[in-house]
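Following: one structure in structure tokens, then a few remarks.
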Amino acid sequence: QVQLVESGGGLVQAGGSLRLSCVVSGRTFSSNYMGWFRRAPGKEREFLASIMWRDANTYYGDSVKGRFTISRDNAKNTGYLQMNSLKPGDTAVYYCAAAQGSYSLSRFWDSWGQGTQVTVSS
């Protein structure tokens with residue numbers, strides 16, 4: 001069973017940066033992709049980015065293109081989300097997830113981490 005553990009969240013001022021990490025264990029062929037989502041209060045879970053473990057193909061949601069960068073380190077079974085130029089609207093709980101493919105809808109992702117809080121102050 002795939003397990004994911006996020007870290008790196010916290011409080012940052014607008015315009016600042018954070019890097020989130022997601023350590024993945026138990027990865028199999030059914031978890032070819034790692035993705036990042038977020039959920040802000042009162043909103044649905046939003047797709048941010050995904051990356052294929054094998055060849056590092058990446059996909060991004062429109063709201064974070066040009067500001068967030070997803071990457072992975074296969075040797076460490078760890079994925080990252082580098083977040084730059086943060087805005088108060090980026091405040092949310094951030095989750096990493098695993099799936100066989102890359103999907104923008106959260107219901108198609110099979111395994112989830114517990115989430116890490118990111119708060120951006122103005």
task: Answer with yes or no whether the hydrophobic clustering places Leu4 together with Val23; edges join I, L, V, M, F, W, Y residues whose side-chain heavy atoms lie under 4.5 Å apart.
output: no
task: To the nearest 0.5 angstrom, please state how far the CG atom of Asp110 sits from the OH atom of Tyr103.
output: 7.5 Å
- request: Could you check if a side-chain atom of Asn57 sits within less than 4.5 angstrom of a side-chain atom of Ile51, using non-hydrogen atoms only?
  value: no
- prompt: Does one side chain, of Asn84 or Ser17, offer a donor that lies under 3.5 Å from an acceptor on the other?
  reply: yes
message: Could you see if Phe108 belongs to whatever hydrophobic cluster contains Tyr59? Use Ile, Leu, Val, Met, Phe, Trp, Tyr and a side-chain cutoff under 4.5 Å.
response: yes
- prompt: Nearest 0.5 Å, what's the CG-OH distance between Leu20 and Tyr80?
  reply: 12.0 Å
message: Does anything in residues 47-91 form a disulfide bond (SG atoms under 2.5 Å apart)? List the pairs, not counting sequence neighbours.
response: none
- prompt: Does any non-hydrogen side-chain atom of Ser25 lie less than 4.5 Å from one of Asn77?
  reply: no
- request: Find the distance between CE (Met52) and CD (Gln100) and round it off to the nearest 0.5 Å.
  value: 9.5 Å
message: Can you confirm whether or not the ring centre of Phe37 sits under 6.0 Å from the ring centre of Trp112?
response: yes
task: Under the side-chain contact (heavy atoms from CB on, under 4.5 Å) rule, collect the residues that match up with Ser104, sequence neighbours excluded.
output: Phe47
query: Any side-chain heavy-atom pair from Met83 and Val118 closer than 4.5 angstrom?
result: yes
query: Going by the side-chain hydrogen bond (donor to acceptor under 3.5 Å, both in side chains) test, which pairs reach into residues 86-97, not counting sequence neighbours?
result: Arg38-Asp90, Arg38-Tyr94, Arg67-Asp90
task: Nearest 0.5 Å please: distance from the CG atom of Leu81 over to the OG atom of Ser50.
output: 11.0 Å
task: With rounding to the nearest 0.5 Å, note down the distance linking OG in Ser7 to CD in Gln114.
output: 8.5 Å
message: Are Val2 and Val24 packed together at the side-chain level, in the sense that at least one heavy-atom pair is separated by less than 4.5 angstrom?
response: yes
message: Does Leu11 form a side-chain contact (heavy atoms from CB on, under 4.5 Å) with Ser121? I'd like the steps, not just the answer.
response: CA-CA 7 Å; Leu11 175 64; Ser121 63; 4.3 Å; yes
query: Between the side chain of Trp109 and the main-chain N/O of Gly35, is any donor-acceptor distance below 3.5 Å?
result: no
query: Would you say Thr119 and Val12 make side-chain contact, with heavy atoms under 4.5 Å?
result: no
Evaluation steps, side-chain contact (heavy atoms from CB on, under 4.5 Å), between Met34 and Cys22: CA-CA 9 Å; Met34 191 203 74; Cys22 177; 4.0 Å; yes
statement: For residues 5-18, the salt bridge (charged side-chain N to carboxylate O under 4.0 Å, His left out) pairs (sequence neighbours left out) are none
message: Between Ser111 and Gln1, is the side chain to side chain donor-acceptor pair (under 3.5 Å) condition met? List the steps.
response: CA-CA 9 Å; Ser111 302; Gln1 184 172 353; 5.9 Å; no
statement: The ring-ring contact (aromatic ring centres under 6.0 Å, His included) partners of Trp53 (sequence neighbours excluded) come to none
query: For Asp62, what residues pass the side-chain hydrogen bond (donor to acceptor under 3.5 Å, both in side chains) criterion, not counting sequence neighbours?
result: Lys65
- prompt: Do any N or O atoms from the side chain of Thr78 and from the backbone of Lys76 form a donor-acceptor pair under 3.5 angstrom?
  reply: yes
